[in-house]
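Before we start, here is the structure in question, set down as structure tokens.
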Amino acid sequence: MRIVFMGTPAVAAISLERLLNSEHTVAGVVTQPDRPAGRGQKSIAAPVRKTAEQHGVPVSAPEKVRDPAFLGALGAWAPEIIVVVAYGRILPRSILELAPHGCLNVHYSLLPKYRGAAPVAWAVINGEAKSGVTTMHLVEKMDAGPILLQREIALAADETTASLQAKLAPVGAELLLETLAGIEAGTVKPKEQDDAQATYAPMLKKEDGLVDWHLPARAIERRVRGFNPWPTAYSHFNGQMLKIHRAKVESATSAAPGEIVRADRDGLWVATGEGVLGLVEVQLENRKRVSASEFLNGVRIEKGAHFGAA
RNA sequence: CGCGGGGUGGAGCAGUCUGGUAGCUCGCAAGGCUCAUAACCUUGAGGUCCCGGGUUCAAAUCCCGGCCCCGCAA
């Protein structure tokens, strides 16, 4: 089929790569404009743009998706179907209805669960045993379109958003091809979602990473994994921000949430609302990430020291 | 020119403002103690204080230039 691909981050680039290596024709690619990023002010190109350019596929990166010039170019590519993978923008009806087969979306959850911007992270945060990928037709309501194909995947006990993302990306690329083949053959039948079963996975914010020590240790540990690689779980120690990259759970406790109950070669143990959280790998602001024992080598822990109060 | 922090024995850090014998925790080596131990005690090895200039009687510390790392913000 003749396809226009819309996407932005690395996960999307993997699907695009797969499409480019298939029998389908990618007529054009749409991605987010390069934005100044990084420590200096360097303009960083989105992964999808890099992939497209490596393959010599024309790229459009409109500031506004309703820009008439862009819509004209999109129409000129004459797609039979538009494939959308983590593009990062709500598409207007004019685009949803532009191609004969409409817009096909790859969503990284088992819809109707986890509709929204951060389905992978929330699946980890909520301690789900399984997640997956869903392909569906885009409609105007967020992630509510009819489902085409779906595939499950089990989460590991130490799953992070980063690791799950990495697992899901190739599965999504594969499911995308299957879906396209099914559409061509007329064998996949759209199935309406049961809206009553829908749950939402809102976009994460920087502040979400701030650890609430009143939560149970196991909940905090899941958040540490869910917020990896972004925004990263963090707390405050001696007035400085301390990121928590990895942690583990221990049961017993009898101290105020946030208080350091033990600091030895086994790690840095902090009391929570329920149970004790062992910090395994941390990073003080402006410092490199280090193991708990290395961190403790350089800090002096006073009796009653605690996390939380900045 | 987005804001800011940092580069000190193998690791993590203090010391830099108020120049003058390089310090702490850990690791490592040797010895001791112990039924025993990642425990404890003693001793020891190990450092171009990122690089290059400058100021000074004297620079980890002050000044100029460079390289590298990191946090914030995007």
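All heavy atoms count here, side chains included; hydrogens, waters and symmetry mates do not. Below, chain A is the first sequence line, B the second, and so on; all start at residue 1.
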- Message: Can you check the distance between rC33(B) and rA39(B), where both ends of the measurement are the C1' atom (answer in whole Å)?
- Response: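 Each nucleotide's C1' atom is 11 Å from the other's.
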Pairwise N/O distances under 3.5 Å, protein to nucleotides 23-25 of chain B:
unit_1: rC24(B); atom_1: O2'; unit_2: R300(A); atom_2: NH2; d: 3.1
unit_1: rU25(B); atom_1: O2; unit_2: N297(A); atom_2: O; d: 3.4

- Provide the distance between the two P atoms, one in rA14(B) and one in rG9(B), to the nearest whole Å.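 Rounded to whole Å, the distance is 13 Å.
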- Message: Any donor-acceptor pair under 3.5 Å linking the side-chain atoms of S291(A) with those of E281(A)?
- Response: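 Side chains of E281(A) and S291(A): no pair found under 3.5 Å.
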- Item | Under 3.5 Å on both distances, the Watson-Crick or G-U partner of rU37(B) |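 For rU37(B), the partner nucleotide comes out as none, under the 3.5 Å rule.
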- Query: Do the rings of F237(A) and F295(A) sit parallel, tilted or perpendicular, given the 30° and 60° boundaries?
  - Reply: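 F237(A) and F295(A): perpendicular rings.
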- Considering Watson-Crick and G-U wobble pairs with both distances under 3.5 Å, what does rG71(B) pair with?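 Here rG71(B) is engaged in a pair, and the nucleotide opposite it is rC3(B).
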- Residue list, side-chain hydrogen bond (donor to acceptor under 3.5 Å, both in side chains) with R49(A), at least two apart or on another chain: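 Residues passing side-chain hydrogen bond (donor to acceptor under 3.5 Å, both in side chains) with R49(A): D34(A), E53(A).
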- Task: Give the rounded distance in Å between these two atoms: NZ of K205(A) and P of rA73(B).
- Result: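 Result: 14 Å.
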- Identify the nucleotide, in any strand shown, that forms a Watson-Crick or G-U wobble pair with rA30(B), with both distances under 3.5 Å; if there is none, say none.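 Pair assignment: rA30(B) / rU42(B).
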- Message: Applying ring pair (Phe, Tyr, Trp, His ring centres under 6.0 Å), can you list everything that pairs with W269(A), at least two apart in sequence or on another chain?
- Response: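 Not a single residue meets the ring pair (Phe, Tyr, Trp, His ring centres under 6.0 Å) criterion with W269(A).
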- Task: Starting at atom CG of N238(A), determine the distance to atom C1' of rA14(B), rounded to an integer number of angstrom.
- Result: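 My rounded result for the distance is 14 Å.
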- Query: Does a salt bridge link R93(A) with E140(A), judged by any charged N lying under 4.0 Å from a carboxylate O?
  - Reply: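 Yes.
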- Query: Thinking salt bridges, do R151(A) and E178(A) make one under a 4.0 Å N-O criterion?
  - Reply: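 Answer for the salt bridge query: yes.
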- Message: Taking the P atom in each of rG66(B) and rG71(B), what is the distance between them to the nearest angstrom?
- Response: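 Looking at atom P only, rG66(B) and rG71(B) are 23 Å apart.
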- Item | Gap between atoms CZ and P, on F295(A) and rG71(B) respectively (whole Å) |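 Going from F295(A) (CZ) to rG71(B) (P), I get 16 Å.
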- Rounded distance in Å between the C1' positions of rC72(B) and rU55(B):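 Nearest-Å result for rC72(B) against rU55(B) at atom C1': 36 Å.
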- Query: Taking the same atom, C1', in rG23(B) and in rC63(B), what whole-Å distance lies between them?
  - Reply: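 Each nucleotide's C1' atom is 27 Å from the other's.
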- Task: Report yes or no: do Y234(A) and V290(A) belong to one cluster of Ile/Leu/Val/Met/Phe/Trp/Tyr joined by side chain heavy-atom distances under 4.5 Å?
- Result: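 Y234(A) does not cluster with V290(A).
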- Would you say K288(A) reaches rG71(B)'s phosphate, i.e. side-chain N/O to OP1/OP2 under 4.0 Å?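 For rG71(B), OP1/OP2 do not have a side-chain N/O of K288(A) under 4.0 Å.
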- What is the distance from CG of L284(A) to C1' of rC72(B), rounded to the nearest Å?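 Spelled out: CG on L284(A) to C1' on rC72(B) is 14 Å.
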- If the sugar-phosphate is the primed atoms plus P, OP1 and OP2 and the base is the rest, what is the B/S/- string for nucleotides 1-9 of chain B, using protein heavy atoms under 4.0 Å? SBBBBS---
- Query: Separation of Q283(A) atom CD from rG12(B) atom C1', in whole Å?
  - Reply: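 Result: 14 Å.
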- Query: OH of Y234(A) versus C1' of rA73(B): gap in Å, rounded?
  - Reply: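 It is 13 Å, rounded to the nearest whole Å.
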- Message: Using the P atom as the point on both nucleotides, what is the distance between rA45(B) and rA22(B), in whole Å?
- Response: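 Between the two P atoms, the distance is 14 Å.
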- Message: List the residues meeting ring pair (Phe, Tyr, Trp, His ring centres under 6.0 Å) with F227(A), not counting sequence neighbours, and say none if there are none.
- Response: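 Partners of F227(A) by the ring pair (Phe, Tyr, Trp, His ring centres under 6.0 Å) criterion come out as none, since no residue qualifies.
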- Task: Quote, to the nearest angstrom, the P distance that separates rG7(B) from rA60(B).
- Result: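 These two P atoms come out 15 Å apart once rounded.
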- Taking C-beta and beyond as the side chain, do V270(A) and E259(A) meet within less than 4.5 Å on heavy atoms?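 Contact flag for V270(A)/E259(A) side chains = no.
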- Query: In whole Å, what is the span from the CZ atom of R289(A) to the C1' atom of rG12(B)?
  - Reply: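 Going from CZ in R289(A) over to C1' in rG12(B) covers 16 Å.
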- Item | Separation of the P atoms in rG19(B) and rC62(B), to the nearest angstrom |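 To the nearest whole Å, 9 Å.
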- List, by chain and number, the other hydrophobic cluster members for W77(A), where Ile, Leu, Val, Met, Phe, Trp and Tyr join if side-chain heavy atoms come within less than 4.5 Å, directly or indirectly.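 So far as hydrophobic clustering goes, W77(A) is joined with V4(A), M6(A), V30(A), V65(A), F70(A), L71(A), L74(A), I82(A), V84(A), Y87(A), L91(A), I95(A), L96(A), L98(A), L111(A), M136(A), L138(A), I147(A).
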